[in-house]
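To keep things clear, I will list the structure first and then write my remarks on it.
These numbers were taken from a predicted model, which means no experiment stands behind them. First the proteins, then the strands, lettered A, B, ... as listed; each starts at 1. Keep in mind that the numbers below use all heavy atoms, side chains included, and drop hydrogens, waters and symmetry copies.
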There are 2 protein chains.
Amino acid sequence: MNLKQLSELLGLSQTTVSRALNGYPEVNEATRERVLRAVKETGYRPNKAAQRLATGKAGSIGLVMPTAPGHQSDVHFGEFLTGLGEEAVRHDFHFVIMPADPDDEVAALRRLAISGNVDALFVAYMRGHDPRLAMLKSLSMPFVVHGRSFGSEPDYPYLDIDNEAAFYDAARLLLQLGHTRFALMNGPAHLDFAIRRRNGLVAALNERGLELKEDCTSHTVMSDEEGLIAMERFLQLAERPTAILCSSTVLALGAIRAVNQAGLKLGEDISLIAHDDVLPLLKPENFSVPLTTTRSSLRAAGVRIAQRLIGTVKQAGPFPEQELWKTELIVRASTGPAPQS
Amino acid sequence: MNLKQLSELLGLSQTTVSRALNGYPEVNEATRERVLRAVKETGYRPNKAAQRLATGKAGSIGLVMPTAPGHQSDVHFGEFLTGLGEEAVRHDFHFVIMPADPDDEVAALRRLAISGNVDALFVAYMRGHDPRLAMLKSLSMPFVVHGRSFGSEPDYPYLDIDNEAAFYDAARLLLQLGHTRFALMNGPAHLDFAIRRRNGLVAALNERGLELKEDCTSHTVMSDEEGLIAMERFLQLAERPTAILCSSTVLALGAIRAVNQAGLKLGEDISLIAHDDVLPLLKPENFSVPLTTTRSSLRAAGVRIAQRLIGTVKQAGPFPEQELWKTELIVRASTGPAPQS
DNA sequence: TTGCTTTGTCAAAGCGCTTTGAAATTTCCT
DNA sequence: AGGAAATTTCAAAGCGCTTTGACAAAGCAA
């Protein structure tokens, strides 16, 4: 059933039917009623591809999903997507997800943009100096990035959390508890958030005349395995760190396994603060020793970004172009005074 | 840059350029070279919506993502999606994800199908008697379901794991270890896999003249919280079960927390077997007491389903219409002889 | 040379929708 | 009743692509 058939059935022109459906004023209410009834009876739905071709609007948000045979699936991605979805469903928007090799992200994003399949783009996993930014700006398609990038004016629409402040505050807490030997268990070194978190920690340390040692820093994919490995390495150091900052509860999961295996007590021998993206599976309060965290909901960020994106597409703006969310520092049992030794 | 502009630039007709691009034989090799070079220089990409309109093919797989404000994000969904993506990227396919309220799944699926945005559909979270099946069959669009449904001939394309055998075998193992008091911690009661797993367990028990008691059965969403709650309830029973079958490692996570809190020892006081979807975050060997599991990779299922779906769309078939994967029963430390009491 | 096939190219139709500009109809005022 | 204004409907163009059927050009045999 297409528009032509429907209009023939009704004895109206395609124009009138189309207008009746799209809420244009220049159509008799009685006629509109009739059309709407016919639509309900026949189950007619406009072909989206045709609609897209004619209007240029698709009702969809595009995003690139990093993937590869060896590439481990990322809970953070799923959680964020849930947030996007929660908002999208309210506006009858959908997503076009283009899976792409992480090395191919710029090209994949361009393909997606000029495919004509999407109205707006969402970009995550921002790098320190992200090559996608220049491309996005040149594209004349609405977009929002999650995170930020160094190296250019922040004149693009983003939503980010204040990573620097989060880790600065976390470090301050540990300093106040008397810790002096710090370690950082971070995400991949090229990612923007990792750089900022590191900066936050370093700033807090420097204020006290302390330094973050190279061998007390790990930059890895945020899996529990990597957390375990990194922590095992830290624990073997001559000057064992007593205060750990951890970029994800996922890393913390592995790290804590290592602490337990070494027969050490979390919150006594080792204090740990992790960043909590509020993953339903990894509630910090459910850890055997509840985790002190810096918290910011990834899902909430997804909802907000979808709001902005959809709002822009529907011209319902204006939305603030830049948003920087503060994180909460929530103290639980995984932090305690530095051990005397 | 569109086809018209490109062809004018080359002094060729749109026909020839289109044919050159799509590998048709009736175009001079020299001309094709020239076209390809121009494409590279101009960065021309065909508009997908137009392509879709003209060919009826979109190069995309549609799926419905269940979501709602209260709805907890599901790691299983993300893991499966990663599998789909891994295969899709090889064929330059993408996904159209329609978020929808779980109550609205039939309608959402229909909207997606007739939107003209997708070539094939994927459907998961099969119910015991799934209303979507009839609709899918009437749709004349390729689809594959993950799981199965009762109530009709299995004459539709599916990929499922042998849930019944998995839990039958798991129960047999526990029976051999002398257990007689069983409990089942299952997924939502209306879902097909939950029904089959229960059947498997019940069958094994019945062979020994045992029964699965009502108060030793829990059907819930598969979150760790629900696992905790269910296990707490089991532990308070007068006739405490000693053998637990658990439909997901996520549920097991909460269940084990409850066991620990009760001061009981996993693998001694309580034996537990969980179904393992091979989630990177919840490796059974990383549990404090490594988990005995029935294993089948969700991601691998995603890859396989994408293969079949894309193969069908590209007419590269024939693919087997029905696949039933066996699970592996892997014994670790969470199972042991029934305690003497 | 003529006639026939093969090769390379093109103009035009069509996919299903929206939107423009004009035509037909009704309503209102004098 | 006559004419202007407002309302309702329509035919046709266009979005960017593929594909059909036709047409030159070239190759070959007789």
For [X] and [N], is the shortest distance between a side-chain N/O and OP1 or OP2 below 4.0 Å?
{"X": "B/Y44", "N": "D/dG16", "value": "no"}
{"X": "B/N2", "N": "D/dG16", "value": "yes"}
{"X": "A/Y24", "N": "C/dT19", "value": "yes"}
{"X": "A/N47", "N": "C/dC15", "value": "no"}

Tabulate atom names and distances for all N/O pairs under 3.5 angstrom spanning the protein and nucleotides 9-12 of chain C.
unit_1: C/dT9; atom_1: OP1; unit_2: B/T31; atom_2: OG1; d: 3.1
unit_1: C/dT9; atom_1: OP2; unit_2: B/N28; atom_2: N; d: 3.4
unit_1: C/dT9; atom_1: OP2; unit_2: B/T31; atom_2: OG1; d: 3.2
unit_1: C/dC10; atom_1: OP2; unit_2: B/S13; atom_2: N; d: 2.7
unit_1: C/dC10; atom_1: OP2; unit_2: B/S13; atom_2: OG; d: 3.2
unit_1: C/dC10; atom_1: OP2; unit_2: B/T16; atom_2: OG1; d: 3.0
unit_1: C/dC10; atom_1: N4; unit_2: B/R19; atom_2: NH1; d: 3.1
unit_1: C/dA11; atom_1: N7; unit_2: B/T15; atom_2: OG1; d: 3.4
unit_1: C/dA11; atom_1: N6; unit_2: B/T15; atom_2: OG1; d: 2.6

Next on the checklist: Quick check: on DNA chain C, is the nucleotide nearest B/L53 upstream (toward 5') of the one nearest B/P25, or the reverse? Name the residue that is more 5'.
Outcome noted: B/P25
May I ask you to decide if [Y]'s main-chain N or O and [X]'s side chain share a donor-acceptor pair within less than 3.5 Å?
{"X": "A/R304", "Y": "A/G83", "result": "no"}
{"X": "B/Y125", "Y": "B/P66", "result": "no"}
{"X": "B/S149", "Y": "B/R127", "result": "yes"}

Whole angstroms only, please: what is the [atom1]-[atom2] distance between [X] and [N]?
{"X": "A/L3", "N": "C/dT19", "atom1": "CG", "atom2": "C1'", "result": "13 Å"}
{"X": "B/I114", "N": "C/dC17", "atom1": "CD1", "atom2": "C1'", "result": "15 Å"}
{"X": "B/K57", "N": "D/dG16", "atom1": "NZ", "atom2": "C1'", "result": "19 Å"}
{"X": "A/L6", "N": "C/dC17", "atom1": "CG", "atom2": "P", "result": "9 Å"}
{"X": "B/K4", "N": "D/dC17", "atom1": "NZ", "atom2": "P", "result": "11 Å"}
{"X": "B/R34", "N": "C/dG8", "atom1": "CZ", "atom2": "C1'", "result": "13 Å"}
{"X": "A/Q5", "N": "C/dC15", "atom1": "CD", "atom2": "P", "result": "10 Å"}
{"X": "B/K48", "N": "C/dG16", "atom1": "NZ", "atom2": "C1'", "result": "19 Å"}

Item to check | Reference residue B/F122; test ring pair (Phe, Tyr, Trp, His ring centres under 6.0 Å); the match among B/F95, B/F93, B/F80, B/Y158 | outcome: B/F80
Item to check | Sugar-phosphate, base or nothing in reach of A/T55, heavy atoms under 4.0 Å | outcome: sugar-phosphate
Checklist entry - Using 4.0 Å as the upper bound for N to carboxylate O, is an ion pair formed by A/R52 and A/D119? => result yes
Checklist entry - Should the ring pair B/F150 and B/H129 be called parallel, tilted or perpendicular, given that the plane angle runs from 0 to 90° and is split at 30 and 60? => result tilted
Checklist entry - Residues two or more places apart in sequence or in another chain: which of them pass salt bridge (charged side-chain N to carboxylate O under 4.0 Å, His left out) with A/E41? => result none
